[in-house]
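Here's the structure we're looking at; comments come further down.
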Amino acid sequence: MIKYMIRRLALAALILFVAVTAMFLMIRAVPGDPVQIMLGPRATPELQASLTAALGLDQPIWKQLVIFYSKMMQGDLGVDVFSGRSVTQIVMQQLPYTLELIFASIIWSALLGVIFGAYAAANPNTFWDRMIAFVSVSFIAAPAFVIALLSLLVFAVQLRWFPAIGVGEGFWSRLHHVVLPAFAIGLSWVGYIARLVRASMLEVLGEHHIRTARAFGLAERRIIMVYALRIAILPVITVIGVGMGFLLSAAVFAEIVFARPGLGKLVIDSITTRNYPVVMGAVLVSTGLFVLSTAISDIVNAWLDPRSRQSL
Amino acid sequence: MSDPITDKETKVKMSDHRQSEFLKIVGGVAKNPLGLIGLIIVGVFVFCALFADWIVPHDPVGMNIKDRLQGPSTTYFLGTDQLGRDTFSRLIMGSQVALKVALPAVFGAMFIGLTLGMIAGYGPRWLDNFLSLIFDTIRSFPTVMFALAVVALVGPSLQTVVFVVMATSIPIYGRVARTQTLALRNSEFILAERSMGASLFRILGIHMMPNIIGVLSVLAAMDIPTVIALEAGLSFLGLGVKPPTPSWGSLLKDGYALIRQTPWLIVAGGLPIIIATLGFTFLGETLRDVVDPRLRKNR
């Protein structure tokens with residue numbers, strides 16, 4: 001198990017290394033002088049020269065890469081072109097808002113998804129099972145940003161049940177602000193999780209210990225809720241790691257639509273002002289988060305199910 | 001999956017057999033109510049996209065300031081936007097843009113993924129490890145974040161969207177093609193070809209590919225709604241196709257800016273995206289069940 005953990009984390013580090021290097025080279029491969037693009041056509045040559053030196057762009061490419069990595073290891077992702085603030089600081093300031101949104105989405109969608117999936121598996125091939133299957137597919141297909149826009153229109157602008165912009169302060173206000181964006185990006189996950197739980201539940205219900213429980217005359221409700229669900233729920237825990245990537249993507253749209261601060265809003269705002277160090281810093285952090293969460297979910301999966309350890 | 005064709009007689013009948021196979025698949029899809037709904041929606045969508053130039057009642061990019069921000073009427077079925085452009089015409093044109101992005105991106109990704117996947121599965125171990133690492137790396141970016149990084153570097157355009165979509169979905173096809181190739185590489189018909197000295201191109205292109213392409217086509221069908229949503233999403237952020245090209249996403253962008261004055265713009269832009277993605281998903285899911293029930297993992 002320890003051996004698997006080390007190998008899995010090493011793979012994550014390798015993937016992150018390749019990803020970061022590729023991104024770094026991509027920035028350099030783009031035609032045009034980055035300094036000129038950032039400063040605009042009217043910048044003086046002195047200003048251009050000083051920014052070139054400040055960004056280390058006068059060094060050979062391999063040296064730039066080495067400097068970039070050694071700085072990154074110390075948690076330094078460069079500086080904001082305009083304000084001169086540290087990118088790490090800016091990104092870390094926005095990160096909690098995005099995480100808040102993602103966790104809120106995971107919690108409500110997992111709860112509802114598990115209930116739907118378990119109910120469908122307990123009553124297979126009934127009307128409600130088919131209905132849940134239909135609703136699940138529809139939820140999975142619906143793009144998060146359209147749902148965000150429509151829910152903004154209906155519940156914030158027309159009905160005024162929820163605030164349309166911002167994150168709010170204090171627990172209840174924050175909760176009130178997170179409802180609509182979390183609803184929009186979690187909807188697909190209700191569908192995914194419901195399907196997943198239904199499938200794994202049906203598998204579990206066919207196993208011997210469930211038959212034994214039935215033979216003992218336990219109430220069907222108790223069998224489903226206590227004996228089957230406990231096992232059927234495991235794949236959900238592991239799928240959430242992969243879900244992180246989807247949620248990080250969907251959060252970009254939710255943050256724009258609801259004017260919430262967060263990583264996505266930061267990236268979009270920085271693209272419009274051509275603040276490349278901030279864009280790259282934020283993309284890097286979100287990629288790191290995704291790589292880490294898939295690694296953790298793989299490790300949890302290997303811990304729960306030793307068979308999957310061989311796959312690495 | 002059909003068995004490889006071995007003798008001459010079956011080869012003669014092949015085209016005949018293929019056609020009836022196609023009809024059988026379509027028939028199987030239409031038998032399922034969800035599949036039928038999907039087929040109809042996709043049919044209407046493709047029809048709109050193909051004949052958009054003839055369907056539109058007004059010029060989709062023509063401005064008419066006098067009639068701006070009108071509600072739905074008999075002249076303008078779905079009202080007009082802030083520049084007096086007809087929303088209905090822009091919607092119809094938008095379906096063409098959506099298809100223009102989705103088709104090349106999905107087919108391109110499928111072809112490249114298929115090639116790389118077969119090479120990874122059939123080639124030497126180091127090449128397999130290398131390609132798998134590349135696939136894993138691409139998948140390690142959250143899709144939208146990757147798209148934003150690319151757009152930030154090369155600027156928004158239709159080509160950028162196609163490139164981003166292709167790059168992010170190559171690994172999906174690549175991994176499936178690799179697994180299938182690994183499973184087949186030691187099967188008898190491949191060994192027989194090798195013992196007869198067939199070239200690598202012949203083995204992979206003529207014997208391996210037909211056994212993989214079915215699964216990949218189903219994946220592609222299921223990938224199309226994701227691609228349509230991504231294109232619309234990027235255009236909504238102002239980072240997809242450039243104005244005045246009418247994408248569904250840019251329609252939503254205008255609607256979002258005017259959400260308090262003209263709510264119908266968001267509804268008119270949002271519903272087609274939802275309906276189209278639903279239609280393609282229903283079709284893709286049913287297609288998967290008909291073509292290859294083994295892919296039906298989490299149901």
Side-chain angles (χ1 to χ4, degrees), chain A residues 11-12 14-16 18-19 22-23 26-27 29-30 133-134 137-138 140-147 149-150 152-153 157-158 164 192 195-196 198-200 235 244-253 256-257 263-264 267-268 270-272 274 276 279-280 282-283 286-287 289-291 294, chain B residues 33-34 133-134 136-156 222 225-226 228-230 232-233 236-239 248-249 252-253 255-256 259-260 263-267 269-282 284-285 296-299:
Chain A
L11 179 67
L14 181 64
I15 287 174
L16 205 56
V18 178
M23 213 157 76
M26 228 160 65
I27 301 174
V30 168
F134 174 73
V137 187
S138 312
I140 291 172
F145 83 100
V146 183
I147 301 297
L149 281 169
L150 290 177
L152 172 77
L153 177 67
V157 175
Q158 302 286 342
Y192 277 119
R195 278 180 163 200
L196 192 68
R198 179 182 183 271
S200 75
M244 195 76 176
F246 293 94
L247 289 171
L248 277 166
S249 286
V252 175
F253 295 113
I256 295 298
V257 170
L263 280 188
V267 172
I268 302 286
S270 309
I271 287 179
T272 17
R274 298 190 165 166
Y276 295 120
V279 175
M280 289 310 145
V283 172
S286 77
T287 306
L289 259 179
F290 186 27
V291 171
T294 34
Chain B
L34 272 190
L133 180 65
I134 299 293
D136 282 344
T137 306
I138 297 176
R139 290 199 323 163
S140 72
F141 290 99
T143 316
V144 174
M145 284 292 182
F146 178 78
L148 293 181
V150 174
V151 170
L153 289 174
V154 301
M222 298 179 70
T226 323
I228 292 177
L230 188 60
F236 167 71
L237 294 174
L239 304 170
W248 288 346
L252 281 173
K253 186 175 178 243
Y256 176 63
I259 191 165
R260 284 170 205 283
W264 66 84
L265 270 181
I266 283 196
V267 179
L271 284 186
I273 301 182
I274 292 190
I275 294 173
T277 47
L278 276 183
F280 275 106
T281 307
F282 289 162
E285 298 255 330
R296 192 177 173 142
K297 249 185 298 181
N298 29 358
R299 269 186 94 172

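Numbers restart at 1 for each chain; the letters A, B, ... are given by sequence-line order, proteins then strands. From a predicted model like this one, the values you see are computed outputs, not experimental measurements.
- Summarising the geometry of B/Trp248 relative to B/Ala276, their closest heavy-atom pair is CZ3-CB, 3.9 Å, with the distance given to 0.1 Å.
- For the atom pair B/Ile266 CD1 and B/Leu271 CG, the distance stands at 11.0 Å (nearest 0.5 Å).
- Among residues two or more places apart in sequence or in another chain, the side chain to side chain contact (heavy atoms under 4.5 Å, CB included) test is passed with B/Thr143 by A/Ser249, B/Thr168, B/Leu230.
- B/Thr226 pairs by the side chain to side chain contact (heavy atoms under 4.5 Å, CB included) definition with B/Asp223, not counting sequence neighbours.
- Counting heavy-atom pairs closer than 4.5 Å to chain A, the top-ranked of the candidates B/Leu237, B/Leu252, B/Asp136 is B/Leu237.
- Heavy atoms of A/Ile256 lying under 4.5 Å from chain B belong to its backbone as well as its side chain.
- Using a 4.5 Å cut-off between heavy atoms, A/Ser138 touches chain B through backbone and side chain atoms alike.
- Proximity of A/Val137 to B/Glu285: side-chain heavy atoms (C-beta onward) are separated by under 4.5 Å at one or more points.
- In this structure, A/Leu263 and B/Met145 have side chains that are in contact, with non-hydrogen atoms separated by less than 4.5 Å.
- Interface check for chain B: of the options A/Val283, A/Thr272, A/Leu152, the most heavy-atom pairs under 4.5 Å are formed by A/Val283.
- In this structure, the portion of A/Ile147 lying under 4.5 Å from any heavy atom of chain B is its side chain and not its backbone.
- For A/Ile271, the part lying near chain B is the side chain, with the backbone staying farther off; criterion is any non-hydrogen pair under 4.5 Å.
- Looking at A/Val146 and B/Phe236, their side chains never come closer than 4.5 Å, going by heavy atoms from C-beta outward.
- With respect to chain B, the highest number of heavy-atom pairs below 4.5 Å among A/Leu248, A/Val18, A/Val279 belongs to A/Val18.
- Among all heavy-atom pairs drawn from B/Ser140 and A/Phe290, the shortest one is O-CD2, 3.0 Å.
- Both the backbone and the side chain of B/Phe141 come within contact range of chain A, judged by heavy atoms closer than 4.5 Å.
- Between chain A and the options B/Gly284, B/Ala147, B/Ala152, the largest number of non-hydrogen pairs under 4.5 Å is found for B/Ala152.
- At a 4.5 Å heavy-atom cutoff, the contact between B/Leu239 and chain A is made by side-chain atoms alone.
- Most heavy-atom pairs under 4.5 Å with chain A: of the set B/Val267, B/Ile274, B/Thr281, B/Leu148, this distinction falls to B/Leu148.
- With a 4.5 Å cut-off on non-hydrogen atoms, A/Val252 touches chain B through its side chain but not through its backbone.
- For the set A/Leu14, A/Leu16, A/Val291, A/Leu149, the entry with the most heavy-atom pairs within less than 4.5 Å of chain B is A/Leu149.
- With hydrogens and angles disregarded, a donor-acceptor distance shorter than 3.5 Å links the side chain of B/Tyr256 to the backbone of A/Val257.
- When side chains are defined from C-beta on, A/Arg195 counts as touching A/Ile140, because their heavy atoms get closer than 4.5 Å.
- Both the backbone and the side chain of B/Ala232 come within less than 4.5 Å of a heavy atom of chain A.
- Neither the backbone nor the side chain of A/Met244 comes within contact range of chain B; no heavy atoms are under 4.5 Å apart.
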